[in-house]
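Please read the structure below before turning to the comments.
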Amino acid sequence: MMLKKLNRKGLLIFILILIMSGCSLISRIPLNQRDESQDLTFTAVSGTIDNSIGFIGNVAYNQSSQLTWKAEGVIGEVYVKLGDSVKKGDVLAELEVDSMRSAVILAEKTLIEAQEMLQDVMESKTAKMNALSTLTVNEISLKSTKQAQESLYYPRADQLTIELAYDAYMLSVERFNYAKADYDSVKNTKGWEDLARQTYYESYLTSYNSMIEAYDNWMWTKGQPSDTDLAVAQGAVTVAQQAYDDALKEYQTYERMPRQEDVHEAEIAVSNAENAFNKRKIIASMDGTVTSVQAEAGQYVKQGDSAFGIDDKSKVLVPLQVSEIDIHQIFIGQNARIVLDAVQEKTYSGVIRDISDLGEEKNSAVTFESLVEITDPDQQIKAGMTAEVQILLEKKENAVLIPINAVSAVNGKNTVSVSSDGGWKTVNVTTGITTDLLAEITDGISVGDVVKVPEINSKIYAYLGIMPQESDLKQDGLIGAEIPFIQKTGETEKSVEQKTDDLSGRFDQNEMAPTAGSGDIPSFPPSGLKNEDMIKRTPASTLE
């Protein structure tokens with residue numbers, strides 16, 4: 001009697017209570033107590049099915065960097081904000097100069113001087129020209145000394161002069177021999193006081209000197225240097241050669257101007273000065289997006305305090321730890337599906353980008369790190385989110401598909417109950433790829449055959465992207481009723497408040513809305529459909 005007094009608004013509230021509580025009159029009837037007419041059916045469809053292995057990981061960006069202050073002071077300027085894109089080398093913030101220690105302030109002057117020195121090294125040619133000049137002078141000197149040495153061995157007169165010099169030498173030898181014989185005749189018989197001995201000795205000494213002089217003259221004219229001349233000439237060549245070698249070695253270091261050692265020294269000086277000077281600045285270490293900001297103008301900071309976080313979002317990755325048992329099933333380039341706990345209404349696509357060749361042992365288990373890249377990321381994805389990754393192992397298109405729970409194992413064979421002439425018959429089937437929702441039937445039934453199922457998970461319709469047919473929901477109280485539409489994955493769901501507004505508006509406009517006791521109120525949700533799935537996915541169009 002009380003139901004008859006319910007107006008349309010009361011009926012709406014009643015239905016919403018049922019939706020939010022997840023209860024239904026039919027669902028309270030035990031499955032084994034329902035008659036044949038209460039069984040759900042599913043019409044075999046053609047679709048795509050795949051087999052996969054699942055892993056759990058956490059989202060990570062391609063690169064991440066946490067920047068900290070290198071000096072203490074008061075923050076003067078902050079040039080970026082959360083979400084800004086930055087390039088490597090960009091200045092993100094800097095300290096007030098007058099709040100810093102003098103050593104850091106003086107670093108600016110040192111940096112300028114070091115940069116100028118590097119510029120001088122890069123542009124100056126004076127050192128190279130000086131080295132070339134020295135090399136040229138020493139080369140000329142070496143050539144001159146060698147020529148002087150060589151000239152000692154060339155004739156210095158014509159042939160007649162050389163012959164006359166030789167004749168003079170031979171005559172001096174003959175005179176020397178006579179003088180020597182005269183001196184020898186008296187040297188042992190007469191003393192030095194003897195006038196004859198003194199005369200013979202002076203003649204002997206004069207003839208000897210004349211002979212030596214004649215010999216040197218003859219040798220000089222024919223081009224035979226003396227030992228003294230040779231020694232002097234060789235000494236000059238040795239000195240000139242050493243000077244030339246030193247000059248050549250020095251010049252070779254300038255052949256590629258500037259010299260590498262000078263550039264290296266200047267670059268080290270600049271680098272050291274930059275490091276000291278840049279302690280007052282926060283500089284981006286890579287290209288990326290500012291994902292955290294701990295710097296504020298006027299804030300006092302100490303060395304080591306956090307300033308900014310930068311992430312390279314060019315790639316969104318999910319690192320996975322794949323066991324040594326599964327690692328042989330995956331390969332680089334393999335496709336994957338990713339579902340995030342925080343974004344459950346959407347399935348993302350992915351591909352394996354990298355597989356480590358080195359396993360890591362932990363707790364007696366060996367795993368290999370593998371990187372899956374999300375190929376269609378959006379703004380909803382954040383680093384650190386938990387991700388369920390399904391790596392696709394095999395895929396079949398245009399397959400005959402039915403719910404997995406429609407298949408029963410009887411005496412070692414797979415069977416299904418198929419509708420036939422108003423009744424049911426058991427048919428042996430051969431299965432292919434199976435998942436937790438669907439089974440591929442390769443033999444036994446065809447697309448369009450109606451099979452009996454104990455219950456239907458609404459995710460099947462979302463996965464296949466289809467609406468359930470009326471024949472798939474045959475149940476007392478549902479015949480002729482509107483079939484709830486299961487949203488496809490990714491569609492925006494309406495809130496309970498929006499659903500209430502929609503339903504209220506439709507009942508106000510529908511003068512023929514069912515009333516309590518009319519027998520037209522359907523059970524909701526339909527038996528076999530999971531309450532939580534229907535609550536999440538049934539739109540307001542259910543009771544149009």
Side-chain angles (χ1 to χ4, degrees), residues 57-101 103-112 114-115 118-119 267-319 338 340 342-343 348-351 353-354 369 371-387:
N58 294 95
V59 175
Y61 295 131
N62 189 37
Q63 283 185 321
S64 296
S65 177
Q66 187 65 39
L67 305 178
T68 59
W69 290 101
K70 305 302 181 183
E72 62 178 301
V74 177
I75 300 176
E77 296 287 344
V78 177
Y79 302 110
V80 295
K81 61 182 182 299
L82 196 65
D84 283 355
S85 296
V86 297
K87 295 290 185 180
K88 182 178 180 180
D90 286 352
V91 177
L92 310 185
E94 59 182 303
L95 302 176
E96 293 180 353
V97 175
D98 56 6
S99 70
M100 303 174 63
R101 294 179 178 176
V104 179
I105 298 173
L106 292 175
E108 182 173 10
K109 180 176 181 296
T110 304
L111 174 59
I112 294 173
Q115 290 172 335
L118 176 60
Q119 187 69 19
E267 287 176 341
I268 290 177
V270 171
S271 177
N272 292 337
E274 284 179 342
N275 290 337
F277 177 66
N278 288 335
K279 285 183 178 180
R280 70 185 186 93
K281 299 178 181 179
I282 295 292
I283 298 176
S285 57
M286 65 180 192
D287 296 353
T289 302
V290 178
T291 52
S292 65
V293 178
Q294 294 87 33
E296 183 178 351
Q299 177 186 0
Y300 176 79
V301 293
K302 295 183 296 184
Q303 182 178 349
D305 286 353
S306 296
F308 299 94
I310 300 177
D311 289 295
D312 175 9
K313 295 184 179 181
S314 60
K315 292 182 181 179
V316 181
L317 307 171
V318 181
I338 301 100
L340 306 179
V343 195
Y348 296 92
S349 299
V351 63
R353 293 302 188 196
D354 188 50
E369 184 174 74
L371 291 179
V372 174
E373 180 184 355
I374 299 177
T375 56
D376 55 349
D378 56 29
Q379 294 299 320
Q380 298 184 86
I381 301 179
K382 307 295 181 185
M385 285 184 172
T386 301

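One-based numbering along the sequence shown.
Between Val59 and Ala387 the shortest heavy-atom distance is CG2-CB, 4.4 Å. Val290 and Val86 make their closest contact through CG2-CG1, 3.9 Å (heavy atoms, listed as atom of the first residue, atom of the second, distance). Heavy-atom minimum distance, Pro319 versus Glu369: CB-OE2, 4.1 Å. Minimum heavy-atom separation, Gln294 to Ser306: CB-O, 3.5 Å. The two atoms that bring Gln66 and Ser292 nearest to each other are OE1-OG, 4.1 Å, heavy atoms only. Among all heavy-atom pairs drawn from Pro377 and Val316, the shortest one is CB-CG2, 3.8 Å.
Between the side chains of Asp378 and Tyr348, at least one donor N or O sits under 3.5 Å from an acceptor N or O.
The NZ atom of Lys281 lies 11.0 Å from the CH2 atom of Trp69; values are rounded to the nearest 0.5 Å. To the nearest 0.5 Å, atoms CD1 (Ile374) and CD1 (Ile381) are separated by 4.0 Å. The CG atom of Asn62 lies 11.0 Å from the CZ atom of Arg353; values are rounded to the nearest 0.5 Å. Going from atom NZ of Lys313 over to atom OG1 of Thr291 covers 6.5 Å, rounded to the nearest 0.5 Å. Rounding to the nearest 0.5 angstrom, the gap separating the CG atom in Leu371 from the NZ atom in Lys315 is 9.5 Å. To the nearest 0.5 Å, the span separating CE on Met385 from CD1 on Ile338 amounts to 14.0 Å.
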Audit row: Asp311, Thr289, side-chain hydrogen bond (donor to acceptor under 3.5 Å, both in side chains) steps and yes/no: CA-CA 5 Å; Asp311 289 295; Thr289 302; over 6 Å; no
Audit row: Leu95, Val301, side chain to side chain contact (heavy atoms under 4.5 Å, CB included) steps and yes/no: CA-CA 9 Å; Leu95 302 176; Val301 293; 3.7 Å; yes
Leu92/Tyr79 under side chain to side chain contact (heavy atoms under 4.5 Å, CB included): CA gap, chis, key distance, verdict: CA-CA 5 Å; Leu92 310 185; Tyr79 302 110; 5.8 Å; no
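Using a 4.0 Å cut-off between charged side-chain N and carboxylate O, Lys87 and Asp90 make no salt bridge.
With Ser349 contributing its side chain and Asp376 its backbone, the two residues share no donor-acceptor pair below 3.5 Å. No side-chain donor-acceptor contact under 3.5 Å links Glu373 to the backbone of Gly350.
Of the candidates Asp312, Ile310, Asp287, Asp312 is the only one forming a side-chain contact (heavy atoms from CB on, under 4.5 Å) with Gln63.
Within a 6.0 Å radius of CD in Glu77, no more than 12 heavy atoms belonging to other residues, nucleotides or ligands are found.
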